[in-house]
Every structure is written in structure tokens, then in C-alpha cells.
A.B. asks: 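This structure is in C-alpha cells; I'll ask about it shortly.
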There are 2 protein chains.
Amino acid sequence: MMPTIKDVAKLANVSIGTVSRYLNGYNVKEENKKKIELAIKELDFKFNPMAKGLRTNKTFSVGVLIPSITDIFCTQVIEGMQETFDKYNYSIIICDTRNKLENEIEKVKFLMAKRVDGIIIMPVSNNGEHIKLIQNSGMPVVLIDRLIENLSCDTIVCDNVNGAYEAVENIIRRGHRKIGIIAGPQNIYTAKERLEGYRRALNDYNIEINESFIVYSEYKKGAGYEAYERLLNLKDRPSAIFATNYETTLTGIIFFKNMGISIGEDISFFGYDQTELFQMLTPPLSVVVQPMNEIGKDAAELLVKRMNGDMSFFPLIKRLKTSIVVTDSIKNLIDTKIE
Amino acid sequence: MMPTIKDVAKLANVSIGTVSRYLNGYNVKEENKKKIELAIKELDFKFNPMAKGLRTNKTFSVGVLIPSITDIFCTQVIEGMQETFDKYNYSIIICDTRNKLENEIEKVKFLMAKRVDGIIIMPVSNNGEHIKLIQNSGMPVVLIDRLIENLSCDTIVCDNVNGAYEAVENIIRRGHRKIGIIAGPQNIYTAKERLEGYRRALNDYNIEINESFIVYSEYKKGAGYEAYERLLNLKDRPSAIFATNYETTLTGIIFFKNMGISIGEDISFFGYDQTELFQMLTPPLSVVVQPMNEIGKDAAELLVKRMNGDMSFFPLIKRLKTSIVVTDSIKNLIDTKIE
DNA sequence: TTGTAAGCGTTATCAG
DNA sequence: CTGATAACGCTTACAA
């Protein structure tokens, strides 16, 4: 069968302890080092992570919980994590919660049972009871994209208030006053913040908020169709609409296409999250761009720190800046050029 | 610390062997069963997979090697695998090879060192030396999307010859005779097959093959720009172009947009792989659709079988059928309506 | 620096 | 059906 350090020790004529020490980077006499290295090559020895893990109580694997593996936001975030976890030799165990809290809870149990060394979660809701359980067991957790209220937890998020604010501000400066918003579920922190950004921008520009311009939708694939319908069926309908996440942005594009409403002409439209194809539309789409790779990288790096016992600044809440892409999907309603 | 079966045994007043048997579904006296269940609840016992793995030599984890986690094809395939692996309690360890053979080789080593129970690979090339190593170690491997020649390995692929054939046939039946193709690297089996489908279709319709209409490109993000340039710079340029994978399709869309060439009007364009946004373009894009979820599901199911020691029909090569979406991105050059 | 040996939490064998 | 006990492959005191 597979050779063990015992075999290596025998062949190298040293004790198994010495081999173990060599493998773990402790000092070993140069001569023995050579012999061990030779024996390892000879036998093609690979050490058994389970045996090691059993002793050290580390699996060198981390769990990553995301709402959907086909979601572009999630995959970009994962991409950002990879380099860091690679560097430290962690395996990434991906779990897809399909946007359901019950799955999230189940997967958390699964990962804890698997004894991963740490977990990164992009939570589907504002519910954090199961996350408390993880923390109580001593396992580090980092939340991404969505903050959970009433929970002390490391979190990497984007500055959603400002992201939305800038988008709405841009719409306003192009002359729009009637601006609809596809807001997300208000039990999702991110959604709440984006709506807050919308409100602030209107306030700062002294535009009265028309509550019927605020419609709510799930943040799921295909969600939001009725929300757009509702907005367009208003007697006094908005001239511009701001969608606050990727899925609802996509739905908007589909909706307008189906309705024969041309973006930038019949309706002005601002979306959230960037994908190459959004810029291939006619006209290209104005969007809020989030630094998705960076979120992943920061989360991974923080988790590694925590797994190494460094709890400085806990709970750390890091907010990353977003930017906006401005295109003709927002019609310019005023004569003066805008910079 | 964490309770072990020893603690459970003590509390339940039975031997540790009995607890282990209970946990593994062997017969245990009803009375003891009750006591054990109670003790487990009481202590909140979770068994240690590393200890189990050390004995049984199983990690209950599988490795999945893909060229890129942000590739829509890959994520859809992974989505298809999840249900199956969930059912059998396997964790999925995702590794991104970034389309480089050297990374693929390294990741294979990583996964073998981690002692996963099986590996699914979407190979980046036709090189299978490292895959032979896996097989020699007794670890089951299933290849997806791309077959590797001169390697006996379970493989789930799409019928690429027919997929391409149908696309080209459709283009021909709409009156085109000058059809360009963005072919992939010919050391990728999938790319070879798709080119083969193109050739066959032209042959079957008695259209002479113009070798300058065949241009090659990498199958990577952003690749293929020069390939399109080359085709359009021909004195006698094609009236239709067929891109043979997702990335080059995307590049095509970008290229035409940049050049101000309108698809379906100035040039006819047929792509590969489906994504919602392709249907939101003006006009929507004609594409070959692959059953990505099904590939994942089939691969997962086959791997589970192999991991359970069932080697029937090895090496199994399964080919899944593709379909095509036909839109106005192909201009109809003949009067008679086509069905 | 090294060898020895006890343990990590299970499973599996064997005798009862 | 159960209990006792020897592995599984490694790390880590401890003593030398």
C-alpha cells in the first residue's frame, strides 16, 4: 500500500520521529536530511493528511457558502479567494445554498461535521443563529457581501449606500426626477443599504420621495418581473429605473426587451454589477461595479489570519468602494453637458 | 473538547464498539440504541471524519478540476453535480486550473495529496500523463467535456461533431456558402470534433472547403480577436461565421460591436453555448446549446459508482446530444421560407 | 539532535 | 449482539 513515514524511517535508517520532524521543518542533521529525502523520493512517499489532521485537529480545508454557483458575483468572489487559499494549501469546499436559508443552515452543519478549519459565508438572509453556532464552536467565520445585524462577525462588504447613491446621483444629474427603484428584500442588509443610498441621493437633491416608485423584489434569478410591470403601469411612471442587484438587472433587460421598450430611449435604466455582456447591449448598460475579486481576496486573507489564531480587530467590518460605469442607457434630459 | 464516541459509550453505558456499530447502521439492541441516541443528543456528539478516514482510507471528498471558475460552462456543470454529491455526502473541492496544463498537473498532485476519493477533470489539453498517474494510484477519474486520446478513461462529452454539423447545416440552409469558422486549438479534442462537424456539413452539401475560412484561436477568455480580424480582412470574406465555444463567441460579439458591424445584417453569426444574455442581444444570437447540467450530473453519478468499486463498462464514453437555437443572427439569403 | 512511546477518534477482529 | 483491543499514520512530550 501507500508508504508511511514508518517506511521512510526504516529505509533512511532513522527514527520515525526524525522523519516527522524533517517533514515539519524542524532541525535535522544534514546527513539524515539527505537520507530522508532520498527515501521519500525512492518510495514516492506522500503523507497522510488525515493522520495529521487527527493529531492536530486541522483539516486544511475551508468551506465557502454561496447562494448560487452560477451567479457571476459569487464566482468572481471565489476567483478572488483562490490565490490566497492556494498559497496556504487550503482546499476550498464549495456549497451552494440555492438562496434558501434552510439549505444554508444544513450546509453549515455539513461543513462543521467535516471539521473544516474556517467558513466564508455569503448569507441569504439576515438570520444569523446558525452562524453563532459556528462561532461558539470556535471555528472562524467571515461573512461576505452581506452584513448580518446583531451578530458580531468579521465581514467584508461593499459600500452599498454610496454605490447606490452615486448611481442615483448620476441619474439625477442627467435631468431625471422620477426615478424608480427595484429594491431587494429588506431583510438583506445589502438591499437595505442600497435603498438607503437611493433615499439619501433624492433627499440631498431635494427631490421628494414617491413611495410608489419603490418596489420590492427577491434577489433571485428570474425575480423582479412583476416589479418592473408595477412601475411601468403607474399612471405617472418613472423616467428612469435603478435595479439594485445583478439578477434584477438581468430581469429588467429581459422585461424591456419583451415589452419592446428601448432602454436609453423609452426608459432610462441603471443596473448593478458588471459583466462583459452588459456592455454589448444596445446601448451598453450603466451599472454600479463592485470589486468582487477583492472581496474574495480580503475575505480569504482575513479568514487565514483568524485560522492562525490572530483575532486582532475582531469583529472587523471592511467596506470596499464601488465605482460606476456611465453610458447612454440613461437618457440625458438636459441641454447642458454633464461631466 | 469535542465529545468522542468514547464519551458517548461511557454515558450510554455500552462499549465503544457498540456505539460505532450503531453509528454505522449495524444491528444494536433496541434498548442500547435508545441509550446511545440519548447520549449523542446530550453531548451533541459529532463524529470525527478524520479518525474515520484514517481507518477506512476514505475522505468523502472529490476534487473537481476546471479551467476557470468564472466560466459559465464550468459553473453549470458543477451545478449539475451538486445534487448527486450532496446525496452521498461528498464534499466538492474545486480547483481552477486557469487554463494552464502546468496548473492542472499541480492541482492533480494537490488533490492526490489530499487523498480525495475521486476526481472529475475538464482537461485543458490533450495531455493525459498526469491522469494516468491518478489512475495508477487506484483513484477513479472521470473526464468531462473533453476526451483525451490514447487514454483509457471514463468520459462524459457532448456530441461535438453533430453540434457543429447542425449549426453549419442551418447556416447553409439559409443560403450561405461562404462560412468562416473560429476553430479551437487542435490539441483539444472538443475543438477538433467541432471543426470536423463543420467540414462534414460543408462536404455533405457539396460546398468546397476554403481553408482560409478556417482560423484558429485559443479557447480562452478574450481570445480570438485577431481570428475575426483575419476573416473579415479576406478579399473574399465569409458571409457567416461560426464560433465554436463560449469565449470566442463572446469575443465575436465584442469584436463586431467595436467594428460597428451589425450581426444578422452585415455578418451572420452563430455561437456556441447558451447564456440568457445572448438572447437579449439585438438580434438574439443563434447558438449550439449543450446540456451542461446533465454533463455534471452524469459525471458525478459515474464517479460515485467508480468510487464504490463498480467498474462496469470501463472506460465508459458517454456522448450527450446538443441542440441549436436559431435566430435572426443568421441572415436568410434565400426567398423560400425555411422550416 | 535523536529515539521511544503515548495518544488522536475511529473501525474491525475476535472471542464470548 | 457485545466488549476488549489492536490497528490506521502521524505528532509531540520526554528522556537520552
Side-chain angles (χ1 to χ4, degrees), chain A residues 1-37 39-40 43-61 89 112-117 137-139 308-309, chain B residues 1-40 43-61 89 112-117 137-138 308-309:
Chain A
M1 293 280 1
M2 281 255 153
T4 72
I5 57 170
K6 214 183 213 163
D7 303 315
V8 174
K10 204 183 299 171
L11 188 61
N13 237 314
V14 295
S15 82
I16 130 182
T18 306
V19 178
S20 173
R21 279 185 287 265
Y22 164 78
L23 290 171
N24 289 286
Y26 294 97
N27 276 342
V28 166
K29 210 198 295 171
E30 194 58 36
E31 185 196 337
N32 288 334
K33 208 160 162 175
K34 288 265 190 298
K35 289 199 286 184
I36 293 172
E37 276 161 1
I40 289 180
L43 296 167
D44 189 28
F45 164 80
K46 308 219 156 58
F47 82 64
N48 186 324
M50 281 173 295
K52 182 181 186 138
L54 181 56
R55 276 302 311 228
T56 59
N57 236 333
K58 291 229 353 163
T59 54
F60 271 94
S61 59
N89 256 287
M112 290 184 69
K114 286 270 180 178
R115 303 280 224 275
V116 294
D117 297 333
S137 80
M139 190 180 286
N308 289 331
Chain B
M1 294 276 7
M2 279 255 153
T4 71
I5 57 170
K6 216 182 212 163
D7 303 314
V8 174
K10 205 183 300 170
L11 187 62
N13 236 314
V14 295
S15 82
I16 130 184
T18 305
V19 177
S20 173
R21 277 185 289 264
Y22 164 78
L23 289 171
N24 289 284
Y26 294 96
N27 277 341
V28 168
K29 211 199 291 172
E30 194 58 34
E31 187 195 335
N32 288 334
K33 208 161 165 174
K34 289 263 190 298
K35 290 198 287 184
I36 294 172
E37 275 161 3
L38 209 71
I40 289 181
L43 298 166
D44 189 27
F45 163 80
K46 305 219 159 57
F47 82 65
N48 187 322
M50 281 173 295
K52 183 182 184 138
L54 180 56
R55 274 304 309 222
T56 58
N57 237 330
K58 291 232 351 166
T59 54
F60 271 94
S61 60
N89 256 286
M112 288 184 68
K114 286 272 181 176
R115 302 278 225 275
V116 294
D117 297 333
S137 80
N308 289 331

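A, B, ... follow the sequence lines: proteins, then strands. Residue 1 opens every chain. Nothing here was measured: the structure is a model prediction, and the numbers come from that model.
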A.B. asks: Which atoms form the tightest heavy-atom contact between B/Pro3 and B/Asp7, and what is the distance?
C.D. replies: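 Closest pair (atom of B/Pro3, atom of B/Asp7, distance): CA-OD2, 3.2 Å.
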
A.B. asks: Which whole-number value in Å describes the distance from B/Asp7 CG to C/dT10 C1'?
C.D. replies: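 Checked: the CG to C1' distance equals 13 Å.
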
A.B. asks: Which pair of heavy atoms, one from B/Thr59 and one from A/Met50, lies closest together, and at what distance?
C.D. replies: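 In this case the closest contact between B/Thr59 and A/Met50 is CG2-SD, 3.6 Å.
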
A.B. asks: I need the CZ-P distance between B/Phe60 and C/dT10, as an integer number of Å.
C.D. replies: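 Going from CZ in B/Phe60 over to P in C/dT10 covers 15 Å.
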
A.B. asks: Looking at every heavy atom in both B/Ser15 and B/Ala9, which two are closest together, and how far apart are they?
C.D. replies: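 It is C-CB, 3.8 Å.
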
A.B. asks: Reckon A/Thr18 has a side-chain N or O less than 4.0 Å from the OP1 or OP2 of C/dG3?
C.D. replies: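 Result: yes.
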
A.B. asks: Could you tell me which residues satisfy salt bridge (Lys or Arg N to Asp or Glu O under 4.0 Å) with A/Glu30, sequence neighbours excluded, listed by chain and number?
C.D. replies: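 A/Lys34.
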
A.B. asks: Might you point out which heavy atoms bring A/Asn57 and A/Asp117 nearest each other, and give the distance in Å?
C.D. replies: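 Answer, listing the atom of A/Asn57 first, then A/Asp117: O-OD1, 4.4 Å.
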
A.B. asks: Could you run through nucleotides 8-16 of chain D and give me one letter per nucleotide, 5' to 3': B if any protein heavy atom sits under 4.0 Å from the base, S if only the sugar-phosphate is that close, - if neither?
C.D. replies: BBBBBB---

